[in-house]
Amino acid sequence: MNRATIISLSLIAAIALLVPAVITDSYSMHVLIICLVFAVVASNWDLSMGHAGVFNFAHLAFFGVGAYTSGILAKLFGLSPWLGLFLGGFAAVLTSLLIGLPTLRLRGMYVAIFTFAFTQVLLSLVLIWSDLTGGSFGLSDIPPLQIGSVVFAGANKVAVYYLLLAIFLISTCAIYVVVRSSVGLAFVTLRDSQDYAVSRGISAYRYRLIAFVVSSFFTGVIGAFYAHYLEVVTVEIFGWNILSLALAMVIVGGLGTTRGPIIGAFFMTLVSEYLRSFFAYRLLLVGIILFLVLVFAPGGIDSLARSGIRRSRKLLGFFAKR
Amino acid sequence: MEPLLKGVKIWKKFGEFAAVKELDFEIFPGEVFGIAGPNGAGKSTLFNVISGVPYSASSGKILFLGKEIQRLKPDRIFRLGIARTFQIPTLFPTLTYFENTKVGAVFGNPGVRAQGRIHKPDATQLADAALRLVGLEAKRDVLARDSSLFDMKRLMIASALSAKPKLLLLDEPIGGLNESETDETIALIRRISKEGLTVVLIEHVMRALLTVSQRIMMLHHGEKIAEGPPSQIARDPIVVEAYLGQEYQL
Amino acid sequence: MEATSFLTAVLSGLLLGSLYCLMAMGLTVVWGVLRIFNFAHGAIVMWGAYVMWYLLIGSGTSLGYLGSFIMLIPISLLIGLAFYGVGIHPLLGRREVEMAIVIGTLALGIVLENLALLTFGPRLKRLPPAIPGSSSLAFFNVSNHYLLIIPASIGILAIVGAFLMRTKLGIAMRAVAQDKEACRLVGINVERVFAYTMALSAMLACVSGALLGSIRFITPSMGGDILMISFIVVIFGGLGSIKGTIAAGFFVGLVESFSSLFVGIYWTPPILFLVMMAVLVLRPSGLFGEKVT
């Protein structure tokens with residue numbers, strides 16, 4: 001890591017830690033929390049879909065499975081929500097193995113269809129097992145996370161924020177470690193040119209499976225976190241709307257670069273919140289933005305920012321010479 | 001001497017069309033073995049079925065060091081020690097020359113068991129050595145995107161070499177190069193052979209094929225029509241007929 | 001189980017199946033020629049139902065069922081052309097085209113769904129049957145609309161089949177499906193064939209949506225389930241195979257009808273999904289399709 005990166009990361013860390021001192025109203029804190037939750041979701045999705053090129057449309061299923069697992073265990077079986085976080089993660093991992101093992105041998109398109117279909121099926125299952133899940137009414141009165149007298153829920157958003165920041169940090173570091181390792185190298189080669197990668201000793205199936213499974217753990221954990229924060233989960237978590245919003249975060253942010261989807265998560269959450277009063281126009285706009293970025297700026301905000309920085313460097317260099 | 005690679009009655013069919021028909025061949029350790037033939041003769045198809053990518057043989061046996069490999073996955077075949085290059089130059093555009101080469105070293109070496117632990121040779125050293133052998137060490141940290149044809153071809157060879165394979169399959173390494181690049185590539189093939197690797201070479205540029213190979217096999221419509229040392233092949237009337245209209249220099 | 005419920009299940013399975021053939025055929029045709037999967041397919045079917053509703057009821061004109069149906073056809077062709085021009089053409093030719101198309105068509109599906117929501121509102125709608133009333137068939141009473149679906153679907157598919165076999169454009173489509181590059185070499189404007197194929201697909205989708213609108217409720221979010229069923233049919237029959245799509249359409253219709261009979265409506269999507277999963281794992285090329293790994 002060079003000096004510029006260390007400086008900028010330290011700056012961001014300082015800002016992140018000091019934010020609650022500046023932002024004090026409950027609504028803004030809530031939006032910030034949602035941004036961070038989806039930053040975890042989006043960056044992990046980027047690991048499987050962006051880095052490894054897996055046509056993964058079951059990612060939100062991992063999120064939902066984590067949420068429902070922890071929620072049900074806490075509400076109906078009295079399990080500690082802290083344990084629930086881990087179990088949510090593991091449930092997501094099991095789910096990823098369940099879908100991944102049979103499907104990832106197949107060509108990309110089929111993986112897209114299959115993972116997509118799987119999410120729809122989970123939606124049906126939630127409705128079928130409504131005694132457990134609350135069906136179309138949703139799972140409510142989920143016990144929040146708690147340490148002693150500190151309750152990590154709506155009233156105490158500052159506590160929620162710091163806990164979330166910790167989870168976000170761990171998840172992002174994990175992604176970073178994977179991307180920098182030889183596993184990450186395998187991902188990139190498979191995405192760049194699969195036949196060539198295979199001819200150089202990289203098993204497409206194995207590494208796609210690894211990407212799929214690794215990306216599911218923290219997604220499940222953050223899903224559980226989300227359930228305990230809102231104290232409610234609805235079947236919408238497996239629906240099209242959240243899928244398209246999360247997809248927009250990854251693409252608009254910049255597929256294949258971990259920081260892109262994180263930026264995208266903040267951007268799209270803010271856009272989505274700003275448009276909340278416009279109801280159906282909101283989702284229409286999300287879809288349009290996603291499509292326009294795909295066509296006109298496929299590298300997303302990340303590549304636009306990078307070319308912007310390149311150009312301003314050139315400009316500065318030009319002026320410095322004079 | 002036992003052959004390093006042996007093919008027994010290999011067939012490759014695409015629907016009704018047979019690209020390779022009942023082919024037998026033997027390749028011995030240390031030799032440079034050339035494969036010639038007009039377009040569509042089945043040469044690249046043969047490389048494909050040997051290396052397993054993008055498909056395997058329809059039937060027949062392929063033996064490497066006595067073990068059957070025709071049903072193995074291509075990544076496994078690479079780890080066993082068979083590396084290939086592609087007729088259409090391929091690389092990983094978002095990686096540097098060094099990273100492109102390192103891929104072979106990292107994923108091609110199953111490591112050696114010694115004293116209860118698996119020793120993996122240092123991938124960085126292997127990659128740098130491979131880059132030096134092909135003459136690309138100066139471009140180590142350059143992004144592989146937008147490379148010249150000659151660089152792309154050499155990079156493909158480097159990534160194959162970094163895994164220290166026993167058998168190298170080169171698919172038309174000279175096509176499209178100018179005179180001096182051709183000479184450099186011929187010299188490179190000789191250097192590789194001196195290192196002890198067995199090389200199988202598909203080439204259309206006859207002067208290269210005839211000077212560098214010790215034995216040549218001629219394919220036509222998926223079948224072997226001639227085999228022998230270059231001097232014999234160059235004079236074989238069957239070979240001349242198959243190449244009617246093609247120019248070559250001795 | 002009584003004989004009548006068994007036979008009812010068979011009959012409704014065949015009826016539903018013929019509609020599914022029609023519905024999935026649009027996907028098959030697009031895959032065959034363009035080699036892409038249109039994730040907005042369900043949304044286009046949904047729009048077909050809504051446009052039909054508008055022509056028949058919403059606009060206040062008195063075209064009657066047949067008149068509206070006939071008007072739907074050129075409209076749907078235009079929808080297909082527009083969809084190709086705006087949604088598909090800009091994405092072709094880039095390096096990661098498959099991923100781009102999947103995401104792009106998904107995005108367009110969302111856009112179409114929310115456009116429908118804004119234009120027509122969220123309340124459920126229903127189309128009147130093509131021919132009201134019911135008829136006696138052996139010992140059942142079947143609604144006339146239901147009876148009409150089989151000949152209508154088969155008829156439309158037959159016309160499309162004749163089109164593909166006999167007309168210049170149809171032959172061009174089949175040629176592009178076989179070998180795009182060779183077609184370019186002989187002077188066929190491949191992009192134009194793509195556009196017309198998309199128009200054909202949209203027409204099939206919208207028409208099936210119109211027929212569907214009389215037996216199911218029309219809502220902007222109906223596209224999701226429709227997409228699922230179409231995928232299952234196409235995968236089961238084998239991608240790109242017209243015969244396969246027809247066989248699979250009927251098969252899926254029967255599976256759905258029997259599973260509704262035995263385990264109820266909520267279990268049907270998971271069961272269909274399990275069937276598809278079994279197919280993908282055991283015989284990925286489907287009944288008649290191409291190699292898949």
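Convention: sequence-line order gives letters A, B, ...; per-chain numbering from 1. In what follows, every heavy atom counts, from backbone to side chain, and hydrogens, waters and symmetry copies are set aside.
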Other residues, nucleotides and ligands only: do more than 12 of their heavy atoms fall within 6.0 Å of NZ on K12(B)?
yes

Is it the case that atom CZ in F14(B) sees more than 12 heavy atoms from other parts of the structure closer than 6.0 Å?
yes

Taking the side chain from D192(A) and the backbone from T94(B), do they hold a donor-acceptor pair closer than 3.5 Å?
yes

What's the spacing between S199(A) OG and I82(B) CD1 if we round to 0.5 Å?
12.5 Å

The interface call for S159(B) against chain A, heavy-atom contacts under 4.5 Å, is both

For the atom pair CZ (F92(B)) and CZ (R191(A)), what is the distance rounded to the nearest 0.5 Å?
11.5 Å

Within this structure, what is the CG-OG1 distance for the pair D195(A) and T90(B), rounded to the nearest 0.5 Å?
8.5 Å

Do any N or O atoms from the side chain of R79(B) and from the backbone of G201(A) form a donor-acceptor pair under 3.5 angstrom?
yes

Under 4.5 Å to a heavy atom of chain A? For A123(B) that would be neither

Can you tell me how far apart CZ (R76(B)) and OG (S203(A)) are? Round to the nearest 0.5 Å.
11.5 Å

How many angstroms lie between atom CG of D75(B) and atom OH of Y205(A), to the nearest 0.5 angstrom?
13.0 Å

Can you say whether V103(B) sits under 4.5 Å from chain A via the side chain, the backbone, both, or neither, judging by heavy atoms?
both

Restricting to non-hydrogen atoms, name the atom on R200(A) and the atom on M156(B) that form the minimum distance, rounded to 0.1 Å.
NH2-O, 3.1 Å

For V198(A), is it the side chain, the backbone, both, or neither that has a heavy atom closer than 4.5 Å to a heavy atom of chain B?
both

Is the number of heavy atoms from other residues, nucleotides or ligands under 6.0 Å of I88(B) CD1 greater than 12?
no

Which atoms of A197(A) come close to chain B, meaning under 4.5 Å heavy atom to heavy atom: side chain ones, backbone ones, both, or neither?
both

Residue from V106(B), I77(B), N100(B), L91(B) scoring the most non-hydrogen pairs under 4.5 Å with chain A is L91(B)

Could you label the plane-to-plane angle of the F107(B) and Y207(A) rings as parallel, tilted or perpendicular, counting under 30° as parallel and over 60° as perpendicular?
perpendicular

